[in-house]
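Some notes on the structure that comes next.
The residues of the chain are indexed from 1 along the displayed sequence.
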Amino acid sequence: VRPRGFLGARQWLSRAMNRCVLEPRPPGKRWMVAGLGNPGLPGTRHSVGMAVLGQLARRLGVAESWTRDRHCAADLALAPLGDAQLVLLRPRRLMNANGRSVARAAELFGLTAEEVYLVHDELDKPLGRLALKLGGSARGHKGVRSCISCLNSNAMPRLRVGIGRPTHPEAVQAHVLGCFSPAEQELLPLLLDRATDLILDHIRERSQGPSLGP
């Protein structure tokens, strides 16, 4: 038997999603933030985007409101941010198919590629380094490549979270799919907080006007 809180959250999300689809909205006042990663592997470097989404949900007070949506094959939560609304998404497909979940949710909520933020790991930046990129190529990231393919656009803003690149090329796969070391885990709380600040500040700024720029 599912707890009452889960049922209540699910019913609320279902009603909210129906309103999102049926009711008109001011342009640029709804945004999606998708944390890319592999479901079931939340503690790995490759799924650090999902860890950022977890912190974002806690900051916005919706950490207990995640609801699995079978249409998107993703976990969804809705949160207000001033006059804007955020759709938080964690795909339940493997990284190289994350784009299918992101694109389906974007269609459901009537969002353009420019209104969809991707949060993902970045090998070419050291652990703790963050960068917000407005569109562009996938740079070899299979999750981003999937999103570009499924959305038929490369315009999505991306928050790249550095995980560092190992010295030896043959160690890259194990590094990416491995868990953070104990020393790295000590840095994670501050990193997740900073990532959350960066993406919320950027969305707030964009929500204040019609511009899609930074």
Side-chain angles (χ1 to χ4, degrees), residues 1-23 25 30-81 84-113 115-121 141-151 156-159 161 176-177 179-180 188 192 195-196 199-200 203:
V1 178
R2 293 188 179 100
R4 183 178 301 175
F6 177 90
L7 287 175
R10 185 170 184 176
Q11 291 166 358
W12 171 82
L13 179 59
S14 177
R15 290 193 299 269
M17 288 172 65
N18 286 336
R19 289 197 301 271
C20 289
V21 173
L22 296 176
E23 293 182 1
R25 65 180 176 92
R30 183 180 298 140
W31 315 93
M32 183 193 302
V33 185
L36 306 189
N38 286 308
L41 298 172
T44 63
R45 297 180 182 91
H46 211 24
S47 294
V48 70
M50 290 186 169
V52 173
L53 263 286
Q55 179 62 19
L56 185 58
R58 287 189 289 273
R59 179 79 66 84
L60 296 171
V62 295
E64 304 301 321
S65 299
W66 290 104
T67 300
R68 183 181 299 189
D69 184 85
R70 61 183 179 85
H71 300 291
C72 302
D75 294 330
L76 294 172
L78 302 182
L81 183 67
Q85 182 188 63
L86 300 190
V87 180
L88 309 184
L89 181 143
R90 297 186 302 202
R92 282 189 166 270
R93 293 185 169 99
L94 293 177
M95 176 71 88
N96 59 7
N98 274 187
R100 293 166 59 192
S101 296
V102 174
R104 181 69 183 94
E107 179 184 15
L108 176 67
F109 286 96
L111 299 172
T112 66
E115 295 167 325
V116 176
Y117 283 77
L118 307 179
V119 186
H120 63 89
D121 59 304
H141 194 287
K142 293 181 179 179
V144 176
R145 184 184 303 158
S146 172
C147 292
I148 290 174
S149 175
C150 293
L151 287 165
M156 298 79 70
R158 296 152 218 185
L159 178 59
V161 183
V176 168
L177 297 179
C179 293
F180 288 103
L188 279 181
L192 298 181
T196 298
I199 202 159
L200 287 178
I203 291 173

Just by modelled atom types, is the Leu88 backbone N or O under 3.5 Å from a matching donor or acceptor in the Arg90 side chain?
no
I would like to know whether Phe180 and Leu188 meet side-chain contact (heavy atoms from CB on, under 4.5 Å); could you show each step before the answer?
CA-CA 9 Å; Phe180 288 103; Leu188 279 181; 3.6 Å; yes
Taking CZ in Arg100 as the centre, count heavy atoms belonging to other residues, nucleotides or ligands within less than 6.0 Å. Is the count above 12?
no
Using a 3.5 Å distance criterion without hydrogens, assess whether the side chain of Asn38 forms a donor-acceptor pair with backbone atoms of Met95.
yes
Give a yes or no answer on whether the side chain of Thr44 reaches the backbone of Cys179 with a donor-acceptor pair at less than 3.5 Å.
no
Heavy-atom donor-acceptor pair, Ser65 side chain to Ala77 backbone, under 3.5 Å:
no
Side chains of Asp121 and Val161: does their closest heavy-atom pair fall under 4.5 Å?
no
May I ask you to decide if Ala74's main-chain N or O and Ser101's side chain share a donor-acceptor pair within less than 3.5 Å?
no
Please work out whether the ring planes of Tyr117 and Trp31 are parallel, tilted or perpendicular, with thresholds of 30° and 60°.
perpendicular
Which is it for Asn96 and Ser146 under the side-chain contact (heavy atoms from CB on, under 4.5 Å) test, yes or no, and what are the steps along the way?
CA-CA 6 Å; Asn96 59 7; Ser146 172; 5.6 Å; no
Arg104 side chain reached by Cys72 side chain, heavy atoms, under 4.5 Å
yes
For Leu36 and Cys147, work out which heavy atoms get closest and say how close.
CD2-SG, 4.1 Å
When you compare the side chain of Val87 with that of Val33, does any pair of heavy atoms fall below 4.5 Å?
no
Side chain to side chain, Phe109 and Leu78, heavy atoms closer than 4.5 Å:
yes
Heavy-atom distance under 4.5 Å between the side chains of Val176 and Arg45, does that happen here?
no
Can you confirm whether Val102 sits close enough to Leu89 that some side-chain heavy atom of one is under 4.5 Å from a side-chain heavy atom of the other?
yes
Could you walk me through whether Asp75 and Arg92 pass side-chain contact (heavy atoms from CB on, under 4.5 Å), step by step?
CA-CA 7 Å; Asp75 294 330; Arg92 282 189 166 270; 2.8 Å; yes
So does Gly43 get a backbone contact from the side chain of Ser47, meaning a donor-acceptor N/O pair under 3.5 Å?
no
Sub-4.5 Å side-chain heavy-atom contact between Leu81 and Ile203:
yes
For Leu53, the option from Thr196, Leu192, Val119 that meets side-chain contact (heavy atoms from CB on, under 4.5 Å):
Val119
Is the shortest side-chain heavy-atom distance between His46 and Lys142 below 4.5 Å?
no
Quick one: CD on Gln55 to CD1 on Ile199, what's the gap to the nearest 0.5 Å?
12.5 Å
Tell me the closest heavy-atom pair linking Arg30 and Glu115, and the distance in Å.
O-CB, 4.0 Å
Shortest non-hydrogen contact between Pro91 and Pro39, atoms and distance:
O-CB, 4.1 Å
Side-chain donor-acceptor contact under 3.5 Å, Asn98 with His120
no
